[in-house]
Amino acid sequence: MDQIIVRGNGPLQGEIPIAGAKNACLTLMPATLLTDQPLTLTNAPRLSDIRTMTALLQSLGAEVASLQDGQVLALSSHALTSHRADYDIVRKMRASILVLGPMLARDGRAEVSLPGGCAIGARPVDLHLKALEAMGAELDLRDGYVHAKAPAGGLRGAVVDFPLVSVGATENALMAATLARGTTVLKNAAREPEIVDLARCLRAMGARIEGEGTGTITIEGVDALHGATHPVVTDRIELGTYMLAPAICGGEVECLGGRIELLSAFCEKLDEAGISVTETARGLKVSRKNGGIRAVNVTTQPFPGFPTDLQAQFMALMCVAEGTSVLEETIFENRFMHAPELTRMGARIEVHGGHATVKGVDGLRGAPVMATDLRASVSLILAGLAAEGSTTVSRVYHLDRGYEHVVRKLRGVGAHIERVKEE
């Protein structure tokens with residue numbers, strides 16, 4: 001098992017290229033199941049989760065080719081051989097549930113294992129299932145699998161009013177509705193850039209969709225979709241993560257491909273904290289303003305609010321801010337598991353339910369720490385960049401699910417970081 005060793009060494013300087021969005025790509029890949037024609041995705045990230053989704057689609061009979069060093073994915077589902085998404089693959093990643101809607105819409109049946117993923121609280125799939133039921137699907141949960149069957153004549157259009165905003169449920173329902181008979185209206189739909197990206201891809205495949213990026217999406221079902229080529233949107237979570245590197249270390253870093261509109265609420269909090277974010281022709285340039293880092297309060301919210309996937313990284317910044325900040329997590333429970341590890345490095349953090357109170361300290365100290373999930377792993381790396389001495393982060397296999405070449409990218413701006421085999 002690998003470890004990452006980080007040594008605090010002062011300001012960073014240079015450029016970091018931002019990859020295509022993991023969460024967008026994992027949603028776009030199952031869209032191949034909606035058509036028998038080829039789908040090509042460009043600007044794909046090179047991550048273990050992408051390999052897991054590739055294995056899942058191939059297990060169903062889809063063809064997936066990785067081209068141009070993994071940055072282009074060529075997919076074809078002209079001859080599916082199975083409608084069963086097995087537990088052995090699905091358990092590795094929650095996004096696997098996104099094959100359910102497309103298979104059900106195109107072929108009228110699907111068997112999908114209930115998913116796994118990071119240990120950041122219960123993330124039930126009931127909203128996915130209720131949306132498909134509204135379109136006429138017959139669902140049976142047994143032996144850890146969702147057994148789904150469409151009515152004779154296929155899924156039918158419906159009004160789906162989500163009681164809670166759910167990105168995954170919106171994605172599954174959106175894909176299923178493209179081939180449903182009639183009109184489907186998704187109310188209280190998620191508005192994330194990944195939803196907009198999926199809608200644009202589906203529209204390029206011949207879908208009739210309006211309203212993506214708002215709380216109401218309308219889909220007019222069509223008889224069939226065709227092939228398309230689509231570029232994956234920039235990964236806003238990777239973008240935010242690397243924006244925090246010069247914020248916590250000092251210096252100036254330009255994040256190539258970044259846009260403020262992807263992270264407007266996050267950028268507002270950086271501004272409050274004393275961090276300058278400037279749009280350039282190539283991306284976003286980030287540096288500290290005059291003075292130290294100021295403590296600010298944060299509440300995670302669905303897009304366009306502050307992303308839950310940047311809460312752990314922002315906490316690392318608040319550990320060395322002047323004053324006391326309160327971070328409120330409203331999306332997932334159990335998402336402060338990085339707090340005890342940051343405390344090992346000298347941070348002062350108290351967690352009470354969905355709130356974490358962080359009292360800034362003058363400096364952090366390097367220590368051996370353990371990653372508990374994907375975003376926690378990179379928060380510990382950020383903390384290590386600002387800490388005195390050496391920090392060893394173990395369990396970094398979490399990191400490989402969401403960040404490509406993290407060591408190379410941080411080294412490129414002057415960080416002292418290496419990946420080694422655990423002794």
Side-chain angles (χ1 to χ4, degrees), residues 6 8-24 43 45 71 192-194 196-197 231-296 298 303-307 309-322 325 360 375 378-379 381-387 402-417:
V6 189
N9 65 298
L12 305 177
Q13 201 77 32
E15 303 171 346
I16 297 179
I18 306 301
K22 173 185 85 100
N23 289 341
N43 195 38
Q71 291 186 298
E192 271 75 358
E194 293 81 10
V196 175
D197 201 40
V232 180
V233 71
T234 297
D235 192 323
R236 62 196 174 95
I237 304 304
E238 183 183 77
L239 170 62
T241 299
Y242 288 124
M243 289 170 70
L244 285 167
I248 198 168
C249 295
E252 183 178 81
V253 169
E254 187 172 13
C255 295
L256 305 181
R259 304 194 311 273
I260 286 178
E261 67 189 54
L262 294 172
L263 286 172
S264 56
F266 174 76
C267 290
E268 287 173 7
K269 288 298 178 181
L270 285 181
D271 181 64
E272 288 181 40
I275 308 302
S276 170
V277 179
T278 306
E279 281 193 310
T280 71
R282 305 174 68 209
L284 297 178
K285 191 167 288 186
V286 184
S287 61
R288 289 187 192 174
K289 300 177 185 177
N290 295 330
I293 303 165
R294 297 189 294 272
V296 297
V298 163
F303 188 86
F306 191 100
D309 279 348
L310 286 172
Q311 174 261 112
Q313 300 92 305
F314 198 82
M315 181 182 286
L317 178 67
M318 291 298 95
C319 287
V320 293
E322 297 173 4
S325 58
R375 306 307 174 185
V378 80
S379 77
I381 291 173
L382 289 172
L385 291 174
Y403 294 92
E404 64 170 40
H405 305 313
V406 63
V407 170
R408 181 194 304 175
K409 289 184 177 184
L410 287 173
R411 272 185 177 172
V413 292
H416 289 180
I417 180 171

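Counting heavy atoms from C-beta on, the side chains of V298 and Q311 never come closer than 4.5 Å. A 4.5 Å side-chain heavy-atom check between P307 and L263 finds at least one atom pair inside the cut-off. Annotation: side chain of L284 is in contact with side chain of M243 (closest heavy-atom distance under 4.5 Å). With a 4.5 Å cut-off on side-chain heavy atoms, S287 and S276 count as touching. At a threshold of 4.5 Å between non-hydrogen side-chain atoms, the residues Y242 and E254 do not count as touching. Using a 4.5 Å heavy-atom threshold, the side chains of S325 and V296 count as separate. Using a 4.5 Å cut-off on side-chain heavy atoms (C-beta onward), L382 and V6 make no contact.
With sequence neighbours left out, P193 forms a side-chain contact (heavy atoms from CB on, under 4.5 Å) with R236, L262, F303.
The backbone N or O of V232 lies less than 3.5 Å from a partner atom in the side chain of N43, making a donor-acceptor pair. T241 contributes a side-chain N or O that, together with a main-chain N or O of I237, makes up a donor-acceptor pair within less than 3.5 Å. With R411 contributing its side chain and I417 its backbone, the two residues share a donor-acceptor pair below 3.5 Å. The closest donor-acceptor contact from the side chain of R375 to the backbone of A312 lies at 3.5 Å or more, if one exists at all. With Q313 contributing its side chain and D309 its backbone, the two residues share a donor-acceptor pair below 3.5 Å.
Smallest separation of non-hydrogen atoms from L12 and G414: CD2-C, 4.0 Å.
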Would K409 and E238 satisfy side chain to side chain contact (heavy atoms under 4.5 Å, CB included), going step by step from the backbone distance to the final call? CA-CA 11 Å; K409 289 184 177 184; E238 183 183 77; 3.3 Å; yes
Using the rule given for side chain to side chain contact (heavy atoms under 4.5 Å, CB included), can you reason through K269 versus I275, listing the C-alpha separation, both sets of side-chain angles and the distance that settles it, and then say yes or no? CA-CA 9 Å; K269 288 298 178 181; I275 308 302; over 6 Å; no
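Between K22 and E404 no salt bridge is recorded (no basic side-chain N to carboxylate O distance below 4.0 Å).
By the 30° and 60° cut-offs, the orientation of the rings of F314 relative to F266 is perpendicular.
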